[in-house]
Every structure is written in C-alpha cells, then in structure tokens.
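Source: prediction; values computed, not measured.
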Amino acid sequence: MIWQWIGLAVFSLTLLPAGAAMAAGRVPARLRARLTPVRVHGWAVLALYAVAPLNAIPRLAGAAPELSLALTVAAGIVAVAGSLVLGLARLATPGNGTP
C-alpha cells in the first residue's frame with residue numbers, strides 16, 4: 001500500500017504540473033520546437049497522469065474489488081487514448097521526418 005501512495009505522490013508532483021502547464025500553452029522556449037502542438041501534448045500527458053489516481057485511489061480507499069477492477073480498466077483505456085493522441089500529434093507534425 002505504501003507503493004501506491006509513493007506512486008501517486010510522484011506522479012502528482014511531476015506529470016500533473018507539467019501536463020497542466022503544457023495544456024495551458026506554457027513550455028520553455030528550448031522545448032517548443034520539439035513539442036509543436038503544445039496543448040495536445042499537454043492533454044496527452046494529463047491523460048497519462050489520470051491513470052495514477054484512477055488506479056490508486058480506489059485501492060487506497062478500500063473499495064470493492066469489482067470497482068477497483070472497473071477503474072483499472074478505465075485507467076487502461078485512458079492511457080491508450082492519451083498514447084494515441086500523442087502518437088497522432090507526432091504524425092501530424094510537419095517536419096517529423098516523414099515524406
């Protein structure tokens with residue numbers, strides 16, 4: 001159970017602020033060229049962050065196993081959606097090496 005608290009704290013301190021800043025359009029100038037659709041990347045990072053609370057909070061709260069499993073499945077779907085958004089943003093970016 002301690003690992004779930006640690007994971008939730010680490011992801012909340014790293015991915016949440018970074019994703020929120022990117023979704024708001026704020027990114028350092030040196031990274032702007034690599035993260036061309038900045039807001040799209042921010043929403044993808046926030047989707048990946050959402051996996052941590054969806055997976056950890058029901059377990060920490062002692063929810064029923066069925067509810068924990070359902071929210072873990074939902075977290076997996078959100079993670080796949082965030083990854084797809086990130087991948088599609090990379091494909092749609094001009095100058096990414098594709099002809």
Can you name the nearest heavy-atom pair linking [X] to [Y], along with the distance?
{"X": "Ala89", "Y": "His41", "value": "CB-CE1, 4.4 Å"}
{"X": "Pro58", "Y": "Ser68", "value": "CB-OG, 3.9 Å"}
{"X": "Ala79", "Y": "Val51", "value": "CB-CG2, 3.5 Å"}
{"X": "Leu46", "Y": "Ala23", "value": "CD1-CB, 4.1 Å"}
{"X": "Leu13", "Y": "Pro17", "value": "O-CG, 3.5 Å"}
{"X": "Ala47", "Y": "Val78", "value": "O-CG1, 3.2 Å"}

Cluster question for you: counting only ILVMFWY and a side-chain heavy-atom cut-off of under 4.5 Å, with indirect links fine, are [X] and [Y] together?
{"X": "Val80", "Y": "Leu15", "answer": "no"}
{"X": "Tyr49", "Y": "Trp43", "answer": "yes"}
{"X": "Trp3", "Y": "Val10", "answer": "yes"}
{"X": "Val38", "Y": "Val40", "answer": "no"}

Could you measure the distance from the [atom1] atom of [X] to the [atom2] atom of [Y]? Nearest 0.5 Å is fine.
{"X": "Thr72", "Y": "Ile77", "atom1": "OG1", "atom2": "CD1", "answer": "11.0 Å"}
{"X": "Ile57", "Y": "Leu71", "atom1": "CD1", "atom2": "CG", "answer": "9.5 Å"}
{"X": "Leu86", "Y": "Leu91", "atom1": "CG", "atom2": "CG", "answer": "10.0 Å"}
{"X": "Ile6", "Y": "Phe11", "atom1": "CD1", "atom2": "CZ", "answer": "12.0 Å"}

